[in-house]
Amino acid sequence: MIAVLRLVIKEPTGLFGLVLVTFIVCSALFAAVLAPYDPVALNITDRLQSPSLSHLLGTDQLGRDLFSRVLYGGQVALGVALTAIGIALVCGIVLGMLAGFGPKWLDKAILLFFDTIRSFPTVMFALATVALVGPSLQTVIAVIIVTTIPTYGRVVRTQTLSIKSNEFIKAEQVMGAKTARILIMHILPNIFGPLMILASMDIPTVIALEAGLSFLGMGVKPPTPSWGSILNDGFSLIRVTPWPIIAGSIPLILITLGFTYLGESLRDFVDPKLRKNF
Amino acid sequence: MTALLRLKNVRVQFPVKSTMRSLFDRTSPASFDAVCDASFSLQAGQTLALVGESGAGKSTLALAITGLQRIAEGSIQFEGQEVSRMQTSELRDYRRAIGYMWQNAIGSLSPRMTVRSLITEPAKIHNVAELDQREMSSKLLDLVGLAEEFGDRYPHQLSGGQARRVGVARALALSPRLVVADEPTAGLDVSVQGEILNLLNQLQDELQISMLVITHNLNVVRHTSDKIAIMYLGRIVEQGDTAEIFARPRHPYTLALLSASPSPDPDMQVDRIELQGEIPSPINRPRGCEFHTRCPFAKDTCAQIPPPFEAVAENHALSCHFPR
Amino acid sequence: MTEPLLAIRDLSVDYRIERGRLQALRHVNIDVPKGSIVGVVGESGCGKSTLISSIIRLLPHNASISNGQINFEGANLLDLSENEMRSIRGRRISVVYQDPMTSLNPVLSIEQQMRHIQYRDTTRRSAKLEKSLAMLESVGIADSRKRITQFPHEYSGGMLQRVSIAMALQAKPSLLIADEPTTALDATLEVQIIHLLKDIQAQFGCTILFISHHLGVIAELCDYVVVMYAGEVVEKGTVRDVFHRPAHPYTTKLLQCDPAGIQIKTRILPVIPGEIPDLVNLSGGCIFRSRCHLAESACETEIPPRREVAPGHAANCHRLPI
């Protein structure tokens, strides 16, 4: 793990990504300490202010402090992304390894399931679900989990298939190892690296999806702060003031950049040609 | 005395992989024989070598012996017990009794495990807790002549010869009764080949293990094995005591293999038997004697009638109409 | 004596790696006389592949030639421009690689691949095809008109190695480098390829630099042999001299180790104990001393000079008489 960090830091983009991600994660974690105001407290007298020392990013149409809302919005965004991707990853690993290592009929069944889900466009699927169940944080998370499982599942399946054909797996079988042991001790460690990279590069996509749904009013319910709903408010106020839009988009841009750079430098690490130098 | 391992008329079939064939050509067979009518027995404490070129079915046969490859016909008995009829738990016990050395020494070691955990892996699989793992790995490293510090290395940090030694250590971890060594010297330099063969010889003398050695190089088994079975196209064509085979090889294919390995003497005039053509596909086996397409001594009979596998001496049998 | 076709003089090649400078080749001298077959024999890590890559100047980018000349047909290949070098590769010098399954393009038919390498010729397509067919016939591929339309996976290993030899010879090169061309093949096919190379040499009169770790193959095929160890030439001479009267302890031991040479059954086979030294931090002295049973004090400090033991037979060892 330390070796990974050292390599990531070696590259300027990797270091930049790591710093950005740490910065955003910390600011979301310590939102309660850092935020100068309650993110949902109304203060109509101070509405639609431009940035100043008392309101770093200004206020919105209800006088809520945008800086505090952005910090708390980070909690929502990261919370949604990490839970959703975490659960999707676990499901994807289980299904993918079963498909790759199990009997052929199971492989076909799981692939059919993956393809069925992937044949829906993600946003349409999300909109349809929200229309059926109603908007909420849980709905967003559920939609993201269902739509990203096939991505991870397919990667895991292909990796499992290619690792399965290696002699060290046959060696385990001839030694009498149980399938569960082979999967957990020998296949999982070898596919985990690429998966983590994929996941870290998916985090900004998921955050953008959550923001997009909230922007459309189909994600997080007001008054919970979310970057998407800040953007949504700003959109209707764009002729009055640009600050809500700016406040909502800055963290989105930063987090996308951060995770993308971090993911890319991690991917370089997994590249065996680069890893050889260790 | 019952044999440790007894094979009788073993046949292994593989499906012919081609959608085109199944769609358009229903006359050609759906499967082919990778191993055909293989019979031999291995006594406890002995070494038997399976020799043949690529496609001869040696490795397939070895996997069939471990139970990993299903057999279509015949029987494989280990200490009198039929391998194909073993239940899951019996199969696990059986696999505990065999140590397998893989052809690809580095590739058969799980890449993210240290040597120490690799060689104690069999013990972990079979929940053998009688020995302290560290003590066990040190003992094994010492047994195969590797320094203690190798225990903390990863497979990619090993040379070919060292990886072989780790493979030997892992195969011997649970004191097996049978060791299968698939091409134990493949990919090794000449100067290191001897080290591995010496190690195998020494371990066998000390531990009295039975061994099945698979190789394409007759020179490798001359010094290690008691018996030799020569395979061609999935069939054993000649079988006998090593000394007998080297002294009086009778099958033309054995002769060709023996003379194919040039000796490092530029003045040596070899009376070489050079084979024409290539090994035929096991999907379309030649009629009659399957070797007749490449045999320099083939006569008309050979293309018509398959030769029987017959004993020519007490410990020597072969299938050829016109043995040398 | 006439000028050799290929004369490698004092060639040293380094690789820059993280730990420092890996001296893969050090002061290598090899002569390849015109019309001869010269074998280079050595075990893994001896620098065979670096040698080939240096001759055709396709070294990886972290390698640098620190010293020496490679004289070929009157020019030093190391002085040529990239363009000039390209016109030599494939036309004056061609290479047959170890594994024909990976050295040929799997998605093109043999016909296409053989046509593509004739791109410099201005002849018509049909003439190129005829030429390809003639080449295939000469390497012993029967029914060439049908076989040429097939793809690499439809050939067996031995046949495919014949095809790659045909392709290497198509431009009538004056030097053919064969990089372990029989290693990936079965023993009975190996013999066939050796005979093919011998026939070709007689038929086309080309010069062959044959790289192998297999002593028996070198003995059978080559006129001269160069023994390499850990990036140095330790012995060279005619095959007869070197194999009958090896002068360097490494050659002697290597010949003893060859299982094909041991006819009497023994439980303990000869080996060369120890491992190849680390080429990153070389300390001077004889490169073989750590594994040599004859090493003495001079071997620790001084690099042994080349000594002639007979006309045309030389070895680098302190123990040889001056």
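Computed over heavy atoms, backbone and side chain alike; hydrogens, waters and symmetry mates excluded. Chain naming here is simple, since letters A, B, ... match the order of the sequence lines and numbering starts at 1 in each.
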Q | Segment of Leu200(B) engaging chain C (4.5 angstrom heavy-atom cut-off) | A |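 Interface part for Leu200(B): neither.
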Q) Which region of Gln204(B), side chain (C-beta onward) or backbone (N, CA, C, O), has a non-hydrogen atom less than 4.5 Å from a non-hydrogen atom of chain C, or is it both or neither? A)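 Interface part for Gln204(B): side chain.
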Counting heavy-atom pairs under 4.5 Å to chain B, which of [options] comes out on top?
| options | answer |
| --- | --- |
| Ala219(C), Gly45(C), Cys222(C) | Ala219(C) |
| Ile268(C), Val217(C), Leu215(C) | Ile268(C) |
| Ile272(C), Thr188(C), Asp258(C) | Thr188(C) |
| Leu255(C), Val271(C), Thr183(C) | Val271(C) |
| Lys253(C), Glu190(C), His195(C) | His195(C) |

Q.
Counting heavy-atom pairs closer than 4.5 Å to chain C, which one of Gly194(B), Ser159(B), Gly55(B) comes out on top?
A.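 The option with the most such pairs is Gly194(B).
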Q. When heavy-atom pairs shorter than 4.5 Å are enumerated against chain C, which of Asp205(B), Ile279(B), Leu197(B) gives the highest number?
A.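 Heavy-atom pairs under 4.5 Å are most numerous for Asp205(B).
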**Q.** Segment of Glu275(C) engaging chain B (4.5 angstrom heavy-atom cut-off)
**A.**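 For Glu275(C), the contact with chain B is made by the side chain alone.
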Return yes if some donor-acceptor pair links the side-chain N/O of [X] with the main-chain N/O of [Y] below 3.5 Å, else return no.
| X | Y | result |
| --- | --- | --- |
| His292(B) | Cys289(B) | yes |
| Arg289(C) | Cys286(C) | yes |
| Gln201(C) | Leu221(C) | no |

Q. Any idea how His153(C) and Phe151(C) line up, ring-wise: parallel (<30°), tilted (30 to 60°), or perpendicular (>60°)?
A. parallel
Q.
Apply ring-ring contact (aromatic ring centres under 6.0 Å, His included) to residues His251(B) and Tyr232(B) and explain how you reach the verdict.
A. CA-CA 11 Å; His251(B) 197 284; Tyr232(B) 182 76; 7.9 Å; no
Q: Kindly say whether the aromatic ring centers of Tyr229(C) and His248(C) come within a distance under 6.0 Å.
A: no
Q | Donor + acceptor pair across side chains of Tyr250(C), Glu232(C) (<3.5 Å) | A |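 No pair is found: no donor N or O on one side chain lies under 3.5 Å from an acceptor on the other.
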